[in-house]
Structure formats: structure tokens, C-alpha cells
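A short write-up of the structure that comes next.
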Amino acid sequence: MSEKSSMPVEEAALRETLTGLLADFREHAEVALRVQKDIESAYPGDDQFDLAVAKLDAALTALSVTVPALLRELDRLDEIPEGKG
């Protein structure tokens, strides 16, 4: 019986975690999209190009952590039995 009463709390925590991870994903993906223009318009070796590459590297590094975390949380959410409502 205590399992049933704790399920909504666990589901709510997972949803909150997913919401935060999705916000992180969006932020880093937006950075990657923004620097695309800088990379296309600048010349290699130019300060603008180097800065854009550094921002892209940081965004992709962050995504390489965020995406697996999102997938793990989705798997955890799948393990929660659907409530009857």
C-alpha cells in the first residue's frame, strides 16, 4: 500500500527532472544553432571563428551529458506503472 502512495511522488520527481533536463537540452541546442552562422561567416583562424568553435564544443559537450541523462530518465519513467484514472 505504501508503494501506491509513493508512486505519484516518484513520478512527479521524474517529471521535474525531465523538465529540467529538457530545458538544459534546449539551451545547449540553441547555442549550437546560433554559432552555426558565426562558423559559416567567419574564416578559420579568425577570433570570431575560434570563439564560435569554442562555444560549439562546449554546447556539444554539455549535450553529450544531457542526452544520455534524458534517455535514462525516460527509461525510469517507462518503468512506472500507469495509474488508473
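What you find for Phe49 and Pro44 is that their closest heavy atoms are CD2-CA, 3.5 Å. Contact record, Ala32 with Ala59: N-CB, 4.3 Å, taken as the closest heavy-atom pair. Taking every heavy atom of both residues into account, Ala52 and Asp38 meet most closely at CB-CB, 3.6 Å.
Residues Phe25 and Leu77 share a single hydrophobic cluster, defined by chaining ILVMFWY side chains whose heavy atoms lie under 4.5 Å apart. One hydrophobic cluster, built from ILVMFWY side chains closer than 4.5 Å, cannot hold both Leu51 and Val31; they sit in different ones. Under the 4.5 Å side-chain heavy-atom criterion for grouping Ile, Leu, Val, Met, Phe, Trp and Tyr, Leu60 is connected to Leu70 within one hydrophobic cluster.
Using a cutoff of 4.0 Å between basic side-chain nitrogens and carboxylate oxygens, Arg76 and Glu73 are scored as salt-bridged.
The number of heavy atoms from other shown groups lying within 6.0 Å of CD (Glu40) is above 12.
No side-chain heavy atom of Gln36 sits less than 4.5 Å from a side-chain heavy atom of Ile39. Using a 4.5 Å heavy-atom cutoff, the side chains of His28 and Asp24 are in contact.
A distance of 10.0 Å separates CG in Leu21 from CG in Leu71, rounded to the nearest 0.5 Å.
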